[in-house]
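I have placed the structure first, in the form of structure tokens, so that the comments after it can refer back to it.
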Amino acid sequence: MKPLGLNEIREKFLSFFESKGHLRMQSSSLVPQGDASLLLINSGMAPLKPYFSGEAPPPQGNRRATTCQKCIRTPDIERVGKTSRHGTFFEMLGNFSFGDYFKSEACKWAWEFCTEIMELPIDKLYVTVYAGEGDGLAGFPDEQAYDIWANEVGVDPSHLSRLGKEDNFWEIGAGPCGPCSEIYFDRGPDPKCVDPDNCKPGCDCDRYVEFWNLVFTQFNNDGSNNYTKLNQNNIDTGMGLERMACIMQGVDSLFDVDTIMNITKRVSAITGAKYGQSESVDVSLRVITDHIRSTTMMISDGILPSNEGRGYVLRRLLRRAARHGKLLGTDKPFLFEVCETVINESKAAYPELDEKKAHIIRVIKAEEERFAATIDAGMKILLDLRRT
Ligand code: GLY
């Protein structure tokens, strides 16, 4: 198992699936196109929904596709910086079948990629399948997937287990969904585990890290958990690029991944704050690092700061990052400089970053100045109140 950079892993994944007949597609914009159910793209499959349902013909007539999709998820924003795994921006690698291959190929290729391309040791890999839960179409256990993993792929039964709907049934809002199999990497015993004797995939501790989700997209959820069978069987997989990079680089935290650490280093160079100096400084450095990644990507996709919708998400992220800059003692705009590092680290995969560089810098600087003016005005009101 060789250490690989985040950009190398992305390329290896996409070219592996190209070699299996998949069309390599550019990441879609973070702004959903024709999908009112989402504010921002939050998974690899979200921009591809019409291909799973059969509403749209497959892209360029190809029933197999592979992408690295830019994603934003903000529900855990308050935890960002305080944990090793939470971030608002992440990249999701995926291979997709729109009514073409199904479970057998998806499982075999995933295993081949993990063991032969990433060279992950087989004894560190664990797989889960859907145990079934509840009534109706979505309630059946996925015995077919169990059989494929055990008998076609050859996974040792002691490394195979069944989990319920929360872990092994994938759906995000309304739309295509289905039972899934997850692949975990065993990082070794976690001293913080509350039940080390029974620790297994699905445990809340950090021992088994889930890095790839293979969804067998057979159903449609109408948004109220009423399931119908889709006209075609599909595959939708999601491998967290940052998670895989943590595994391949032997680091615990997404903030220690090569390209992401380079952003933190730039923040340190500008603010003078050193990573590892204290927990509160580290939290601020991580918040800034995460938020400048998401905001640079959002602006490159045409979002502008505002007081509603996507624009509000962008404004909130930028202002949180600026506030953490203040906590580090920086009183002048600085995020507009850090975004250059984000652009440099990711422009090979996302050429729009370089094309829109001047615009991105301008938007960030203007918002930082507006925020500083708002704070100054607030301070003045407070001081005037104290004098009265
Ligand atoms: N669409 C599968 C995943 O993102 O996990």
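Counting from 1, the numbers follow the sequence of the chain as shown. Computed from a predicted model, the values in this text were never measured in an experiment. When a ligand or atom number is given, it counts from 1 through the structure's own listing order.
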Q) Is the shortest distance from a Lys or Arg side-chain nitrogen in Glu78 or Arg320 to a carboxylate oxygen in the other one below 4.0 Å? A) yes
**Q.** Residue list, side-chain contact (heavy atoms from CB on, under 4.5 Å) with Glu171, at least two apart or on another chain
**A.** Lys165, Phe169, Cys177, Asn221, Asn225, Tyr227
Q. Should Arg243 and Trp212 count as side-chain neighbours, where that means a heavy-atom distance under 4.5 Å?
A. no
Q: Could you tell me which residues satisfy side-chain contact (heavy atoms from CB on, under 4.5 Å) with Ser224, sequence neighbours excluded, listed by chain and number?
A: Asp222, Asn226
Q) Between Glu133 and Arg162, does at least one N-O distance fall below 4.0 Å, as a salt bridge requires? A) no
Between the protein and ligand 1, are there any N or O atom pairs that come within less than 3.5 Å of each other, and if so, what are their names and distances?
| unit_1 | atom_1 | unit_2 | atom_2 | d |
| --- | --- | --- | --- | --- |
| ligand 1 | 1 (N) | Asp236 | OD1 | 3.0 |
| ligand 1 | 1 (N) | Asp236 | OD2 | 2.8 |
| ligand 1 | 5 (O) | Trp170 | NE1 | 3.4 |
| ligand 1 | 5 (O) | Asn213 | ND2 | 3.1 |

**Q.** Nonpolar side-chain network containing Phe140, other nodes, edges under 4.5 Å
**A.** none
